[in-house]
Amino acid sequence: MTGEYQHTLDAKGRLFIPSKLREKLGNPFYVTISIDDCLNAYSLEHWNVIKAKFDALPSSQARRMRQIFVNAACCEVDAQGRILIPQKLRDFVGLKKNVTIVGVSNHTEIWDSDKWAEQQAQELTKENIAAAIEELGF
């Protein structure tokens, strides 16, 4: 998945998901917390891969990962292309009104637009781009 899209949350916490990303995510898909200050969205297929990896862990390791599942929501896209993001998840990452949705390889990230702008200001540098290109072997 690729691209950056600007949208707004409505008063009920619904968010329009761009059609290009909806095609890749499918319906339903899963939204959960992230290591970054955003939410991650995974297709059902990719979610099942994550789940299988989790299920294979010893319980001592699984405990550290349970928050990914406890704080996940299975989201169904409505006829207008929107999903309802639970209040708990919106509060966790500070989603208020303006939202930036970005495609990142095998998942989508959902950011508060101000936080996304801050992240981009820090990470979108020629040095970081050069390092990423080198790591990927381009």
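Positions are given from 1, in the same order as the sequence printed here. The figures that follow rest on heavy atoms only: side chains count, while hydrogens, waters and symmetry mates do not. Here the structure is a predicted model, which means the values were calculated and not measured.
- Surrounding CZ of F92 are at most 12 heavy atoms belonging to other residues, nucleotides or ligands under 6.0 Å away.
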Show the atom names and distances, to 0.1 Å, of all donor-acceptor pairs under 3.5 Å that link a side chain in residues 31-39 to residues at least two apart or in another chain.
from	atom 1	to	atom 2	distance (Å)
T32	OG1	I68	O	2.5
T32	OG1	N71	O	3.2
S34	OG	D36	N	3.0
D37	OD2	K115	NZ	3.1

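- Between M1 and K24, the shortest heavy-atom contact is CG-CB, 3.6 Å.
- Put simply, I85 and L21 are part of the same group of oily side chains (I, L, V, M, F, W, Y) that touch within less than 4.5 Å, one to the next.
- Residue A73 comes nearest to P86 through the heavy atom pair CB-CG, 3.6 Å, listed as atom of the first residue, atom of the second, then distance.
- Residues meeting the side chain to side chain donor-acceptor pair (under 3.5 Å) test with E23, sequence neighbours left out: none.
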- Message: As a quick check of understanding, evaluate side-chain contact (heavy atoms from CB on, under 4.5 Å) for R90 and L15, giving each step before the final call.
- Response: CA-CA 11 Å; R90 286 180 290 176; L15 177 65; over 6 Å; no
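- Interatomic distance, CG of N27 versus OG of S43, reported as 12.0 Å (0.5 Å rounding).
- Under the side-chain contact (heavy atoms from CB on, under 4.5 Å) criterion, F69 pairs with W47, I50, K51, F54, not counting sequence neighbours.
- Partner of T100 under the side chain to side chain donor-acceptor pair (under 3.5 Å) criterion, out of Q6, E109, Q120: Q6 alone.
- Under the 4.5 Å side-chain contact rule for hydrophobic residues, L9 and V77 share a cluster.
- Side-chain contact between T108 and V102: absent, with no pair of heavy atoms (C-beta onward) separated by less than 4.5 Å.
- No side-chain heavy atom of H46 sits under 4.5 Å from any side-chain heavy atom of Y30.
- Counting heavy atoms from C-beta outward, W111 and Q119 have side chains that approach closer than 4.5 Å.
- You'll find the side chain of E76 stays beyond 4.5 Å of the side chain of I83, heavy atoms only.
- By the side chain to side chain donor-acceptor pair (under 3.5 Å) test, Y42 pairs with N40, sequence neighbours left out.
- Heavy atoms of other residues, nucleotides or ligands lying less than 6.0 angstrom from CD of E134 number 12 at most.
- In this structure, the side chains of L44 and F29 stay at 4.5 Å or more apart for every pair of heavy atoms.
- Heavy-atom minimum distance, L84 versus K12: CD1-O, 3.0 Å.
- Here OG of S113 is found 12.5 Å from NZ of K96. Values are rounded to the nearest 0.5 Å.
- Side-chain contact between T8 and V99 is absent, with no heavy atoms from C-beta onward closer than 4.5 Å.
- Partners of R14 by side chain to side chain donor-acceptor pair (under 3.5 Å), not counting sequence neighbours, listed by chain and number: D10.
- Every side chain to side chain donor-acceptor pair (under 3.5 Å) that D78 has, sequence neighbours left out, goes to R82.
- Between R22 and L25, every side-chain heavy-atom pair lies at or beyond the 4.5 Å cut-off.
- Proximity of V93 to D112: side-chain heavy atoms (C-beta onward) are nowhere separated by under 4.5 Å.
- The 12-atom threshold is not exceeded at CD of E45, counting heavy atoms of other residues, nucleotides or ligands nearer than 6.0 Å.
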